[in-house]
Amino acid sequence: MEYRQLVATYDRLDATASTIEKTEILATAFEDAGELLPELTQLARGRLFAPWEPDDLGVSSSLTARAIANATGVAHDRVEAWYRETGDLGDAAALAVENRSQATLFSGTLDVATVYETLRGLADYEGAGSQDRRIDDIAGLLADADPDEARYVVRTVVGAMRLGVGEGTIRDAVAAAFLDDSEEAVSAVERAYEVTNDFRTVSETARTRGLDGLASLGVELFRPVKAMLARKAESVADALDSTERPLLEYKYDGMRAKIHVRDGEVRVFTRRLEDVTAQFPDIVAAVEAELDAENAIVEAEVVGYDPETGGPIPFQELSKRIKRTSDIEELAAEYPVTVRVFDLLYRGDGSLLDSPLVERLARLDDLLDADGETLERATHLQPESLEDAEAFYGDALEAGQEGIIVKNLDAAYQPGSRVGYMLKVKPTMEPLDLAVVQAKWSEGRKSEWLGRLRLACWDAEREELREIGRIFSGLTDDELRELTAKLEPLVRSVEGRTAKLRPEVVIEVEYEEIQSSTTYDSGYALRFPRFGGFREDLAPEDADRLERVERLYEEQ
DNA sequence: ACTGATTGCCCC
DNA sequence: ATTCGGT
DNA sequence: ACCGAATGGGCAATCAGT
């Protein structure tokens, strides 16, 4: 299949806002794909790998910009300039190909399999010179590409197709292409995807074996199921109101883990389905000792603690263990963990996804060693009243945890994030008033606007601003527009898409937590910062004091 | 052997 | 992770 | 209600450059 055909599909997806039309366009492409269907279901989202496969291409914007320059003979600076202007490296690539120098040869056209295999192959290069080989491979594709082809090759490399196509659209299109558009067909595809996490398997099964084939795809050990995600509730009362038969659990600040046991062998997966078994030998040993099952899937939060005091440690410290490949045992001793178990998805020879939570937990309790040191049920309560629940929430905060999770004991395990299954309640922090010292032009739809603010608090002792991080969401389009108008007159200098500003604008900033930081000169940074409103009444010197930040940090 | 830049459906 | 806008 | 896009701090690994 020629890549040009796929590009035509991309362009049509890009041109329509209607999800119904997007589904139709994709369904047609899937029907025509033949043997290339598995690759096409990945490429449609700009992804090359199934979620649990290592998919480190080792190349993103800066190296790709070099590849574009190499392939087209256009100066690297010009490619960078187009990238800055358009905010999209794919568009910059298209421009570069249009303006390619005479010296480079346009030798032909691409086919889909070549693009897919070449890009996948980037991940295999290691060691000295590997970046050059990656650049050469990408440049090789671009040398054979016309401008539109180049745009989407590059967008695939950098992982930002921006076509409005995600999992939901692929799901609907697979159903429409090989089954029908009934609710039954869509649910069958969805279910198959939830348990396999792989659209290549799902689409190929739907094509060759239809509805029955999809139904035969079930939970398998060592193939992670999508995680059930919580939604936010405003208060304990709200959460209880919308939950039939509530069970409350502490919400811990750690790492979500899915632990599979197959014939006694243990594997640990993250929420995004990365295999981190090698990083957590202590968890493997604890599961072997404290979980009475040869075949099972349990779900848990891995929580670090200080071996000296026994108290909880910041997530930053636990996170040192997650990607570590050396000195594993030393790190395990320095940052030991407890495993707070809260669900059982599989036991013995079958899936428990469709069983109600109350039954899954009863079976989980059967398997857990009551005196285990490392594996322990997440602290939980079946509340009799709102007062009960609020007291439990208070206990959780008192114990230094994030808040609570509210679950429905009658509900099945529902992978993904849906209404009516699971809620989280967390306290809101007092917002900070911070001065805006720098801004960047945004990307994509928002690329005309100055967003992405760098913020500072006021150091009263030294009488100067000290940076404390950036903001990352919370602005409506109107606010972004207003912000841009306010900031543009304050621009002192521009470098790339970054503008340094005279610090005159002060905004309110919400966040989840204050972290210690080596990145910012205040020594602190905000976790999940978001815009809370303009403070027209404040000057930069009126921004929150560093002292207050320090105090809040100590208090939390 | 060291540093700085870059990367990641990373973790949160 | 959180939040916003489109459907 | 759902989906997709766009964005934060901070970590270890990797590699280019010296």
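Residue A:Y511 has no polar side-chain atom (N or O) positioned under 4.0 Å from OP1 or OP2 of D:dG8. Applying the 4.0 Å criterion to OP1 and OP2 of B:dG8, one finds that A:R272 has every side-chain N and O outside that range. For A:S60 and B:dT6, the shortest distance from a side-chain N or O to OP1 or OP2 is not below 4.0 Å. For A:Q515, no side-chain nitrogen or oxygen approaches OP1 or OP2 of D:dG9 to under 4.0 Å. Side-chain nitrogen and oxygen atoms of A:T519 include none within less than 4.0 Å of the OP1 or OP2 phosphate oxygen of D:dG9. Contact annotation: A:K232 reaches the phosphate of C:dT3 (side-chain N/O to OP1 or OP2, under 4.0 Å). For C:dG6, the OP1/OP2 oxygens have no side-chain nitrogen or oxygen of A:T19 closer than 4.0 Å. For the OP1/OP2 pair of D:dG8 and a distance below 4.0 Å, the side-chain nitrogens and oxygens of A:K440 include no atom meeting the criterion. Under 4.0 angstrom from either OP1 or OP2 of D:dG9 there lies at least one side-chain N or O belonging to A:R470. For A:S130 and D:dC15, the shortest distance from a side-chain N or O to OP1 or OP2 is below 4.0 Å. A close approach under 4.0 Å does not occur between any side-chain nitrogen or oxygen of A:R530 and OP1 or OP2 of C:dT2.
The residue from A:D132, A:V157, A:L122 that alone fulfils the side-chain contact (heavy atoms from CB on, under 4.5 Å) condition with A:D137 is A:L122. When each of A:E508, A:E512, A:E479 is tested with A:R530 by the rule salt bridge (Lys or Arg N to Asp or Glu O under 4.0 Å), just one qualifies, namely A:E512.
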Where each pair must be Watson-Crick or G-U wobble with both distances under 3.5 Å, what dot-bracket representation of DNA chain B is obtained, with crossing pairs in [ ] and other-strand partners as |?
||||||||.|||
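Of the candidates B:dC12, D:dG10, D:dC15, the closest approach to any side-chain atom of A:R527 belongs to B:dC12. Here D:dT7 is the nucleotide among D:dC15, D:dT7, D:dA12 with the atom lying nearest to any side-chain atom of A:S442. Closest to the side chain of A:R324, from the set B:dC9, C:dA1, D:dA13, is D:dA13. Of the candidates B:dC11, D:dC15, B:dC10, the closest approach to any side-chain atom of A:F315 belongs to B:dC11. Side chain of A:R418, nearest nucleotide from D:dT7, D:dA16, D:dC2: D:dC2. Of the candidates B:dC11, C:dT2, C:dG5, C:dG5 carries the atom nearest the A:R445 side chain, counting heavy atoms from C-beta on. In this structure, of D:dT7, B:dC12, D:dA13, it is D:dA13 that holds the atom nearest to the side chain of A:S326. The nucleotide whose nearest atom lies closest to any side-chain atom of A:S62 is, among C:dT7, B:dT7, B:dC10, B:dT7. Closest to the A:E443 side chain, of the nucleotides C:dT7, D:dT7, B:dT6, is D:dT7. The A:F528 side chain lies nearest to B:dC12 when the options are B:dC12, D:dA1, C:dG5.
Counting all heavy atoms, side chain and backbone alike, A:N197 lies closest to A:P224 at ND2-O, 2.8 Å. The shortest heavy-atom contact between A:E301 and A:Y252 is OE2-O, 3.4 Å. A:R418 and A:E194 get closest at one heavy-atom pair: NH2-OE2, 3.3 Å. Taking each heavy atom of A:A27 and A:A177 in turn, the nearest pair found is O-CB, 3.6 Å.
Side chains of A:F30 and A:I170 form a contact here, defined as non-hydrogen atoms less than 4.5 Å apart.
At a threshold of 4.0 angstrom between heavy atoms, the contacts of A:I20 with the nucleic acid are absent. A:R271 comes within 4.0 angstrom of the backbone, heavy atoms only, and of no base. Residue A:R231 is classed as a sugar-phosphate contact, given heavy-atom separations below 4.0 Å to backbone atoms only. Residue A:L526 is in sugar-phosphate contact alone, with no base atom involved, counting any heavy-atom pair closer than 4.0 Å across all strands shown. Within the nucleic acid shown, A:G254 comes within 4.0 Å of sugar-phosphate atoms alone, with no base atom in reach, counting heavy atoms only. When heavy atoms are screened at a 4.0 angstrom cut-off, A:K424 is found touching the sugar-phosphate backbone but no base atom. Contacts of A:L318 with the nucleic acid, taken as non-hydrogen atoms under 4.0 Å apart, are absent. Base contact: A:E167 has a heavy atom under 4.0 Å from a base atom. Nucleic acid contact class of A:A128 (heavy atoms, under 4.0 Å, all strands): sugar-phosphate only. At the heavy-atom level, A:K426 lies under 4.0 Å from the strands shown only through sugar-phosphate atoms. When heavy atoms are screened at a 4.0 angstrom cut-off, A:T16 is found touching no nucleic acid atom at all. Residue contacts for A:G159: at a heavy-atom cut-off of 4.0 Å it reaches no nucleic acid atom on any strand shown. Residue contacts shown for A:R171 are limited to sugar-phosphate atoms, with no base heavy atom under 4.0 Å away. A:T518 comes within contact range of no nucleotide atom at all, as no heavy-atom separation falls under 4.0 Å.
Between the C1' atoms of C:dA1 and B:dG8, the separation comes to 15 Å (whole Å). To the nearest whole angstrom, the two C1' atoms, one in B:dC10 and one in B:dT6, are 14 Å apart. The same atom, P, is picked in D:dA6 and in B:dC11; the two are 22 Å apart, to the nearest Å.
Summarising the geometry, the separation between CD on A:E330 and P on D:dA12 is reported as 14 Å, rounded to the nearest angstrom. Per the geometry, CG belonging to A:D56 stands 10 Å off C1' belonging to B:dC10, to the nearest Å. Computed from coordinates, the A:Y553 OH to D:dG9 C1' distance equals 13 Å when rounded to whole Å. In this structure, CD of A:Q401 is placed 16 Å from P of B:dC12, rounded to the nearest angstrom. Rounded to an integer number of Å, the gap from A:E317 CD to D:dA12 C1' is 15 Å. What separates CD of A:Q556 from P of B:dC12 is a distance of 19 Å, to the nearest Å. Taking atom CG of residue A:L122 and atom P of nucleotide D:dT14, one finds them 17 Å apart after rounding to whole Å. Atoms CG (A:D478) and P (C:dG6) sit 10 Å apart, rounded to a whole Å.
In summary, the side chains of A:S182 and A:D180 do present a donor paired with an acceptor at a separation below 3.5 Å, with no hydrogens or angles considered. Residues A:D88 and A:T86 have side chains that never bring a donor and an acceptor to within less than 3.5 angstrom of each other.
Anti is the classification of D:dC11, since its glycosidic angle lies more than 90° from 0.
A:R171 places no side-chain N or O within donor-acceptor distance of the main-chain N or O of A:V186, the cut-off being under 3.5 Å.
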What do the steps show when you test A:Y116 against A:Q42 for side chain to side chain donor-acceptor pair (under 3.5 Å), and what is the final call?
CA-CA 9 Å; A:Y116 186 79; A:Q42 291 299 111; 5.4 Å; no
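Judged by a 6.0 Å distance limit and a 45° cone about the ring axis, A:K486 is positioned over the six-membered ring of A:F534.
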